[in-house]
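Below is one structure, written out as structure tokens, with a few remarks after it.
For the numbers below, each heavy atom of this structure counts, side chains included, while hydrogens, waters and symmetry mates do not. Owing to the predicted nature of the structure, the values given are computational and were not obtained by experimental measurement.
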Amino acid sequence: MAERTALNFIQRMSGIATLSRRYVSAVPQGKKTRIADTRKTTPGLRVLERYSVRKGGASNHRDNLGSAILIKDNHIQAAGGITNAIARAKERSPHTSRIECEVTNQAELAEALEAGADIIMLDNMSNEEVADSVAFTKGRAILEASGGITLERITELANIGVDVVSVGVLDHPSS
């Protein structure tokens with residue numbers, strides 16, 4: 001019984017590392033795009049699954065809810081808008097914290113930039129929308145593409161010039 005459990009465990013971690021390597025390898029040579037996981041891990045296996053992602057050459061998004069500020073749609077709604085959410089985060093966070101804000105369109109992107117977000121998550125945007133976002137942002141913030149990410153999209157997203165692509169399937173491949 002212990003042997004089967006150990007083999008299943010090793011197989012899962014090896015699978016995560018291998019899949020991570022496939023995504024990293026899809027980024028064309030010379031492109032700066034990083035592949036990152038999403039923090040959605042199997043209960044009790046977070047440390048090992050995230051280690052496997054790194055062994056595959058990808059990056060971890062953030063270690064826990066306290067290690068970085070990520071403003072999502074529900075936070076934006078509760079704060080009364082992107083500008084208010086970012087302002088409140090800046091007021092309450094340590095000076096060393098980066099603030100990431102999720103956006104779903106160009107108007108929200110413009111607002112997040114104006115409010116001073118350090119990282120902007122382009123949520124479920126098409127490649128065309130991502131390209132427009134990269135051109136509009138002009139390096140004023142780190143841009144992260146997330147949602148609907150497939151292995152086939154990685155090369156195009158990297159060629160568009162997005163800084164980070166977060167891939168949920170890396171750390172929860174069975175979903």
Side-chain angles (χ1 to χ4, degrees), residues 15-28 31-43 46 49-50 52-54 56-65 67-79 81-83 85-86 89 98-175:
I16 290 170
T18 299
L19 186 60
S20 297
R21 174 55 60 194
R22 284 190 190 132
Y23 275 84
V24 169
S25 295
V27 175
K31 297 295 179 182
K32 63 177 183 163
T33 302
R34 295 175 67 168
I35 305 298
D37 62 19
T38 62
R39 215 184 53 78
K40 298 171 186 163
T41 55
T42 307
R46 172 170 287 164
E49 289 177 350
R50 292 171 58 80
S52 298
V53 166
R54 292 191 309 274
S59 300
N60 298 136
H61 191 272
R62 58 189 175 140
D63 288 330
N64 56 53
L65 294 175
S67 65
I69 297 169
L70 175 54
I71 300 170
K72 307 260 307 163
D73 56 350
N74 56 326
H75 306 121
I76 292 166
Q77 185 178 11
I82 289 172
T83 301
I86 292 173
R98 286 187 179 180
I99 297 173
E100 180 170 10
C101 183
E102 174 185 87
V103 302
T104 59
N105 59 52
Q106 298 303 304
E108 291 176 354
L109 170 64
E111 185 177 353
L113 280 171
E114 180 67 28
D118 302 297
I119 306 163
I120 300 175
M121 179 186 291
L122 309 173
D123 189 43
N124 287 304
M125 288 190 181
S126 68
N127 289 352
E128 183 178 292
E129 291 171 310
V130 172
D132 290 345
S133 298
V134 169
F136 179 78
T137 302
K138 297 178 184 168
R140 294 179 283 167
I142 295 169
L143 292 181
E144 174 184 343
S146 182
I149 304 299
T150 63
L151 185 57
E152 294 74 28
R153 285 187 71 195
I154 296 298
T155 299
E156 190 166 350
L157 289 168
N159 284 329
I160 288 169
V162 73
D163 300 297
V164 179
V165 180
S166 55
V167 184
V169 74
L170 295 185
D171 45 13
H172 57 284
S174 59
S175 58

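A salt bridge does not link Asp163 to Arg34: none of the charged side-chain nitrogens sits closer than 4.0 Å to a carboxylate oxygen.
The minimum heavy-atom distance linking Ser59 with Val53 is given by the pair O-CG1, 3.7 Å. Nearest heavy atoms, Glu129 versus Met125: OE1-CA, 3.3 Å. When all heavy atoms are compared, the tightest approach of Val134 to Val162 is CG2-N, 4.0 Å. Residues Ser166 and Glu144 come closest through the heavy atom pair OG-OE2, 2.8 Å. Scanning all heavy atoms of the two residues, the minimum distance from Ile86 to Ala117 falls at CD1-CB, 3.8 Å. Here the closest heavy-atom approach between residue Ser52 and residue Ile16 is recorded as CB-CG2, 3.7 Å.
Side chains of Tyr23 and Val165 form no contact here, defined as non-hydrogen atoms less than 4.5 Å apart. In this structure the side chain of His61 never reaches within 4.5 angstrom of the side chain of Thr38, judged on heavy atoms. Contact check for His75 versus Lys72: side-chain heavy atoms found under the 4.5 Å cut-off. Looking only at side-chain heavy atoms (C-beta outward), Thr18 and Arg22 come within less than 4.5 Å of each other. For the pair Arg153/Asn127, a side-chain contact is recorded, criterion being any heavy-atom separation below 4.5 Å from C-beta on. Residues Leu157 and Thr33 form no side-chain contact, since every pair of their non-hydrogen atoms from C-beta on lies 4.5 Å or further apart.
For Arg50 (side chain) and Asp37 (main-chain N/O), no donor-acceptor pair under 3.5 Å exists by modelled atom type. Under a 3.5 Å cut-off, the side chain of Glu102 and the backbone N or O of Leu70 do not form any donor-acceptor pair.
Glu108 pairs by the side chain to side chain contact (heavy atoms under 4.5 Å, CB included) definition with Ile82, Val103, Thr104, Asn105, not counting sequence neighbours. Not counting sequence neighbours, the partners of Asp118 by the side chain to side chain contact (heavy atoms under 4.5 Å, CB included) test are Arg98, Ile99.
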Please test Ile119 against Val164 for side-chain contact (heavy atoms from CB on, under 4.5 Å), starting from the C-alpha separation and ending with a verdict. CA-CA 10 Å; Ile119 306 163; Val164 179; over 6 Å; no
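Among residue pairs with one or both ends in residues 132-143, those qualifying as side-chain hydrogen bond (donor to acceptor under 3.5 Å, both in side chains) are Gln106-Ser133; sequence neighbours excluded.
Distance check: Asn159 CG to Ile154 CD1 gives 11.5 Å after rounding to the nearest 0.5 Å. In this structure, Asp73 CG and Ile71 CD1 are separated by 12.0 Å, a value rounded to the nearest 0.5 Å. In this structure, Glu128 CD and Ile160 CD1 are separated by 9.5 Å, a value rounded to the nearest 0.5 Å.
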